[in-house]
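Proteins come first, then strands; the chains are lettered A, B, ... in the order of their sequence lines, and each starts at number 1. Quick caveat, the model's predicted, so the values are computed rather than measured.
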There are 4 protein chains.
Amino acid sequence: MQTQQHQDLIRQLLECAFTCENCATACLQEKDVQMMARCIALDRDCSDICLQAARLLQRHSEVAAEFLQVCEKICQMCGDECAKHHHEHCQQCAQACHSCAEACRSAHV
Amino acid sequence: MQTQQHQDLIRQLLECAFTCENCATACLQEKDVQMMARCIALDRDCSDICLQAARLLQRHSEVAAEFLQVCEKICQMCGDECAKHHHEHCQQCAQACHSCAEACRSAHV
Amino acid sequence: MQTQQHQDLIRQLLECAFTCENCATACLQEKDVQMMARCIALDRDCSDICLQAARLLQRHSEVAAEFLQVCEKICQMCGDECAKHHHEHCQQCAQACHSCAEACRSAHV
Amino acid sequence: MQTQQHQDLIRQLLECAFTCENCATACLQEKDVQMMARCIALDRDCSDICLQAARLLQRHSEVAAEFLQVCEKICQMCGDECAKHHHEHCQQCAQACHSCAEACRSAHV
């Protein structure tokens, strides 16, 4: 049985992962892609880690709580980097990452 | 820009992946877990492959179309196996897998 | 440029991940699979997390160090569980997990 | 029990995955990163798919053979793209990808 809060967190992790995939793909098409290198690198890590976090929660993994701590950290870092860039995909990603970081912080799994 | 059909397929792949995670976790708690061994094995593969398919679609990967073919196959196999078991989590998983297999088949990415 | 220690750690993470995959697959074939349920569950988590750790190290990810902490924890837990079972695949897995946990602990990435 | 050929293929898939991670990370540091955009995108897909293929082989998955077909395809595409660039990491990646594509082709799993 899954609580609503548990399901909401999974949904938010997936949302964040996919916004990061989208941002990385879009960044690679930008003219100033060199300026976006760190953004792309963090997007990759954040997408991987959020997806894995979502799977661990879905499995009721015994290390879910610890995993959410590193997940919160990468979400915060990725959101902070994205926030520096004016591209719409970066601004959307910043919002999704910061919101997901907040959700990880307040999770009691 | 993403079309609605594209987004629907991603949503269905995620739904299927997470139903498989749920089914594998629940199968491991069943008394007749020995009878569920193939179900658990296929759930693992199906979850991994559906999640990867969703990411490739989100990235507009050049191999998304080929990947959906193997995704359709594992969804069909996993759904067929799950359908043999009366547990509620298996019946739910069978439905999600078969529905996802159909969505992969009709996708024109 | 990669240091030798860095490469050794990546190699050990991969070794551990694949020993866990092997253990989970073999556990599912055992007659006493019900007794192996927690072992299989931890194998799944440990394999996923070790593989991801290896990728983050290979990428020189900014969160590699934090990730290794949760990786160490799951390796320790999985190794402790595997050590309880007499099956050869469990004993091998216990050794790989404990060795990997030690490697994570002593890493200065 | 694993055959030698089976183990060699897994080893080659891991080698290819990690060479792709390395190439993507290095490409993001290049001055002409805009020219490397397709290389980075294919590296990401190739790394993901090779790692997954290795896991499926390790598990003796029922869809391993089909999965190797899409794996061969992405390895060939990624190798062809990398071969166009003079950077050492791209040349190394081209070699690893082409070699892995060949190994996938000749596998009888």
Side-chain angles (χ1 to χ4, degrees), chain A residues 1-30 33 36 39-64 67 71 78 87-89 92-93 96-97 100 109, chain B residues 1-30 33 36 39-64 67 71 78 87-89 92-93 96-97 100 109:
Chain A
M1 183 60 73
Q2 314 268 357
T3 65
Q4 188 58 45
Q5 196 201 4
H6 194 254
Q7 285 302 308
D8 285 350
L9 181 52
I10 291 175
R11 197 180 36 71
Q12 208 150 9
L13 288 160
L14 292 175
E15 172 81 15
C16 185
F18 281 78
T19 311
C20 287
E21 288 286 346
N22 190 57
C23 185
T25 302
C27 282
L28 285 170
Q29 309 303 322
E30 296 292 347
V33 55
M36 312 310 293
C39 190
I40 296 168
L42 291 172
D43 279 338
R44 275 204 295 169
D45 293 351
C46 195
S47 170
D48 285 354
I49 292 171
C50 285
L51 268 189
Q52 188 59 48
R55 298 182 83 183
L56 293 174
L57 283 172
Q58 185 74 8
R59 290 179 197 167
H60 299 282
S61 163
E62 298 183 34
V63 290
F67 202 91
C71 193
C78 190
H87 305 299
E88 198 190 329
H89 52 82
Q92 284 179 342
C93 197
C97 288
C100 192
V109 285
Chain B
M1 185 56 76
Q2 313 268 358
T3 66
Q4 188 59 45
Q5 197 201 2
H6 193 254
Q7 285 303 308
D8 285 350
L9 180 53
I10 290 174
R11 197 180 37 72
Q12 208 150 9
L13 288 160
L14 292 175
E15 171 82 16
C16 185
F18 281 78
T19 311
C20 287
E21 288 287 344
N22 190 57
C23 185
T25 301
C27 281
L28 285 170
Q29 309 303 324
E30 296 291 345
V33 56
M36 313 309 294
C39 189
I40 296 167
L42 291 173
D43 279 339
R44 274 203 297 170
D45 294 351
C46 195
S47 171
D48 285 354
I49 293 173
C50 284
L51 267 190
Q52 188 59 49
R55 298 181 84 182
L56 293 174
L57 282 171
Q58 187 75 8
R59 289 179 197 166
H60 299 285
S61 162
E62 298 183 34
V63 290
F67 201 91
C71 193
C78 190
H87 303 300
E88 198 191 329
H89 52 82
Q92 284 178 344
C93 197
C97 287
C100 192
V109 284

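From B/F18, atom CZ reaches atom CZ of A/R11 across 12.5 Å, with rounding to the nearest 0.5 Å.
For residues 48-56 of chain A, heavy-atom neighbours of chain B at less than 4.5 Å comprise A/D48, A/L51, A/A54, A/R55, sorted by residue number.
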Could you go through residues 39-46 of chain B and list every donor-acceptor pair under 3.5 Å that involves a side-chain atom there, pairing it with any protein atom two or more places apart or in another chain?
| residue | atom | partner | partner atom | Å |
| --- | --- | --- | --- | --- |
| B/D43 | OD2 | B/A24 | N | 3.2 |
| B/R44 | NH1 | C/E21 | OE1 | 3.2 |
| B/R44 | NH2 | C/T25 | OG1 | 3.2 |
| B/D45 | OD1 | D/R59 | NH1 | 2.8 |
| B/D45 | OD2 | D/S61 | OG | 2.7 |

